[in-house]
**Student:** 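Questions regarding the structure given below will be posed in turn.
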Protein chains: 2
Amino acid sequence: MKRQKRTTIYDIAQKLSLAASSVSRALSDSNKINAETKALVLKTAAEMNYQQNAMASNLRKGNNPTIGVVVPRINQYFFSNVIAGLEEVTFKQGYNLVICQSNELHAREVEGVNALVNQNVSCIVISIAAEKGSFDHLQQVLDRNIQLIQFDRVVEELETFKVLNNNKQGAYEAVVHLIEQGYRRIALLEGPQELHIFRERKEGYIAALQEYGFPILSELMYANAWTKELGAQATTQLLDLPNPPDAIFASTSDFAALGVLEVANNKGIPTPEALGICGYSNEPFTEITSPSITTIDQFSVEMGRKIGNLHFREMENFSPEGKTKTLNVRPKLIVRNSTLRKLQ
Amino acid sequence: MKRQKRTTIYDIAQKLSLAASSVSRALSDSNKINAETKALVLKTAAEMNYQQNAMASNLRKGNNPTIGVVVPRINQYFFSNVIAGLEEVTFKQGYNLVICQSNELHAREVEGVNALVNQNVSCIVISIAAEKGSFDHLQQVLDRNIQLIQFDRVVEELETFKVLNNNKQGAYEAVVHLIEQGYRRIALLEGPQELHIFRERKEGYIAALQEYGFPILSELMYANAWTKELGAQATTQLLDLPNPPDAIFASTSDFAALGVLEVANNKGIPTPEALGICGYSNEPFTEITSPSITTIDQFSVEMGRKIGNLHFREMENFSPEGKTKTLNVRPKLIVRNSTLRKLQ
DNA sequence: CTGAAAGCGCTTACAG
DNA sequence: CTGAAAGCGCTTACAG
């Protein structure tokens, strides 16, 4: 035994000598019902402690007002913020939010997506796992006419809504800022180039240098430095160059930037005077390091809200040709002490 | 129009000239079905791209394999970790996880809980909002025989499962550590005493002092210092005492401890030599401040896993008299430089 | 092992 | 405005 019997609309109908359909109409606030009857039903329902069975209602109506989310990790600053923003919107609309994490594994992601499809959710929101694999599972979502919204890390080939940070823009602004602060040899810590977000950041770096007439030097671009440890390692090597950089843009993450800072501190290289440091993401800790770290805010909570609003707006005026729109969230440079050697 | 027609078991049955019930048996891997028939059904189902309608199945079976979670904020380090741990377990069991945030508001919490009750979820996991209110909504959950598991911030009067950090133990160990490091006047930053977690931490502080024969001095206990700003303010006042403390235990949070550290740094008071500082929660930033901050780890991911396991274990051997068990997660002191003035 | 039937708790055309 | 009936897509006793 688990549940005790819940009151159903039949229980109410019987008590009031009404038809179940009338009870249903009263509860759903239909206009095809007498005001007095409605009041009576509502009163009785409250007395009998009635709660609608959402599963039955959804089955009959053929839709499930829930949004499913699949992210690599729930407890990562960026993702938990996106989810928080999304929840805000979905809750307001009376929608549920079901959450899965892929742990960066493709197989886990597939399982999660399939579970959501079985639930007949009205929308799936996803940021794909780092582990590569086919995207049949996502194609399946589209085939079933379930809305699919990709964000941040997306499968580019797939024609779906995409909500992205304008990574090129963010990187571009960071590098322009460094140039304006008088840095002349700006190194780049790159992320894995299979992920488009890292390719775009590299493009932004190059665009800024070109615009200001600086050379693009391969010796100053360091591949695959997307953890604190790899950032530190990259920094050690870069600073050992015959002609070392005077600024390092850790385009991968603030964690990499933290690795840069630690190496600089250990070597007694003063920041920002001799070495400028810029990260990416505006993790909370960047504010409290010494010196505080310049970085790029991605407006993650706002991004979550945008995703939610996109879904609900599209539900209203559904236009097939509008299915592949890309929404860009414009990131913002947060200037802090690690790059500030001129007064602003 | 939203969804196109999905294949149902009737479509499969028709194609194979079978009864729907046989198709159902084959798909649910029943033993009351011929092996050949089963293989044929499975093959055909795959060809026809069949996906079970979870709503129909759940409705018929009278249960919904999902767990609902209500927390003050999804994007808070502690809570997102608990959710991550919980998701790990629920996913393994093929359960869904539905998430609501109360934003610390009682009314929002009530709405969230009711939505989950309507869904007929099999378990609700909750950490209550700071805003006080009645707990009729939680009583309602129990009345409907839905399992209720409270964690961290709980309604003590309510007889439910509770998963708690052993806050008294954590605080006790921190203060003992401070005493062993030679600190003699240890101040306490308290949280709001309406919340039991903060009362318990105070008890741990007092117990440690008593055990070592130290006086309990009200001048060294500072109420309501649970943000960085309030922590800083408290520190300024404490250090202005005629006989100031030589250590401050910010029992409320690491953020308060950060406030303490900043005031100490600004006043040129060396940490840990002249002032020991200990926080609570092991936020990521405590590792990277200068000096790094001693704190208490709450094993939040592990706590989430414990909650999940509790639910699934109890489902099996359901014993009414075991319904009010309390599980304590033992916290762990993380010793860092902010309190380390002796070699260990 | 297979089929026919009932029913989970709703909603919604269809009559009146 | 109200009722009787059908049906959403499954599962599961009940016969055979």
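None of the values given here were measured: they were computed from a predicted structure. In what follows, chains are A, B, ... by sequence order, proteins preceding strands, each numbered from 1.
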**Student:** To the side chain of A:Ser21, which of D:dG9, D:dC1, D:dA5 is closest?
**Tutor:**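 Out of D:dG9, D:dC1, D:dA5, the nucleotide with an atom closest to A:Ser21's side chain is D:dA5.
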**Student:** Could you state the CG-C1' distance from A:Asn34 to D:dG3, rounded to the nearest angstrom?
**Tutor:**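 Distance, rounded to whole Å: 15 Å.
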**Student:** Using salt bridge (Lys or Arg N to Asp or Glu O under 4.0 Å), reason through A:Arg305 and A:Glu302 one step at a time and then give a plain yes or no.
**Tutor:** CA-CA 5 Å; A:Arg305 287 196 205 102; A:Glu302 182 54 31; 2.7 Å; yes
**Student:** Would you say the ring centroid of B:Tyr95 lies under 6.0 angstrom from that of B:Phe312?
**Tutor:**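 Yes, the ring of B:Tyr95 comes within the 6.0 Å limit of the ring of B:Phe312, centre to centre.
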**Student:** What is the distance from CG of A:Leu16 to P of D:dG3, rounded to the nearest Å?
**Tutor:**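 Rounding to the nearest Å, CG of A:Leu16 and P of D:dG3 are 10 Å apart.
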**Student:** Can you tell me how far P of D:dG9 sits from CG of A:Asn58, to the nearest Å?
**Tutor:**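 About 13 Å, once rounded to whole Å.
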**Student:** So which one's nearest nucleotide on DNA chain D is more toward 5', A:Ser17 or A:Lys61?
**Tutor:**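 It is A:Ser17 whose nearest nucleotide is closer to the 5' end.
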**Student:** I'd like to know if the side chain of A:His106 and the backbone of A:Ala129 have a donor-acceptor N/O pair within less than 3.5 Å.
**Tutor:**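 The answer is no, because no donor-acceptor pair under 3.5 Å joins these two groups.
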**Student:** Let me know the distance between CE of A:Met55 and C1' of C:dG9, rounded to the nearest Å.
**Tutor:**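 Rounded to the whole Å, the gap is 9 Å.
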**Student:** Taking for each residue the nucleotide of DNA chain C bearing the nearest heavy atom, is the 5' side occupied by B:Ser22 or by A:Gln52?
**Tutor:**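 Nearest-nucleotide comparison on DNA chain C picks B:Ser22.
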**Student:** Any idea which of D:dG9, C:dC10, C:dA4 is nearest the B:Thr8 side chain?
**Tutor:**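 The nucleotide sitting nearest to the side chain is D:dG9.
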**Student:** With distance as the sole test, does B:Asn81 use its side chain to make a donor-acceptor pair with the main-chain N or O of B:Phe78 at under 3.5 Å?
**Tutor:**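 Not a single qualifying donor-acceptor pair exists.
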**Student:** Calculate the interatomic distance between B:Arg25 atom CZ and D:dC14 atom P; express it in whole Å.
**Tutor:**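 One finds 13 Å between P of D:dC14 and CZ of B:Arg25, rounded.
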**Student:** Find which nucleotide of DNA chain D each of A:Tyr10 and A:Thr37 is nearest to by heavy atoms, and output the residue with the more 5' nucleotide.
**Tutor:**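 The 5'-side residue here is A:Thr37.
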**Student:** Go ahead and name the base partner of C:dA15; Watson-Crick or wobble counts if both distances stay under 3.5 Å, otherwise write none.
**Tutor:**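 Its partner is D:dT2.
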**Student:** In whole angstrom, what separates B:Gln119's CD from C:dG9's P?
**Tutor:**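 Those two atoms, CD and P, are 16 Å apart.
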**Student:** From C:dT2, D:dC10, C:dG9, pick the nucleotide closest to the side chain of B:Ala56?
**Tutor:**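 So the side chain of B:Ala56 is nearest to D:dC10.
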**Student:** For A:Ile9 and C:dG9, give me the distance from atom CD1 to atom P, rounded to whole Å.
**Tutor:**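 Taking atom P of C:dG9 as the reference, CD1 of A:Ile9 is at 10 Å.
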**Student:** Compare the minimum distances between each of C:dC1, C:dG3, C:dG9 and the side chain of A:Leu59, then state the nucleotide with the smallest one.
**Tutor:**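 Closest nucleotide to the A:Leu59 side chain: C:dG9.
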**Student:** Roughly, in whole Å, what's the span from CG in B:Leu18 to C1' in C:dG3?
**Tutor:**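 Between C1' of C:dG3 and CG of B:Leu18: 10 Å.
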**Student:** Under the 3.5 angstrom rule, does the side chain of A:Gln101 hit a backbone N or O of A:Ile74 as a donor-acceptor pair?
**Tutor:**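 Yes, because the side chain of A:Gln101 sits within donor-acceptor range (under 3.5 Å) of the backbone of A:Ile74.
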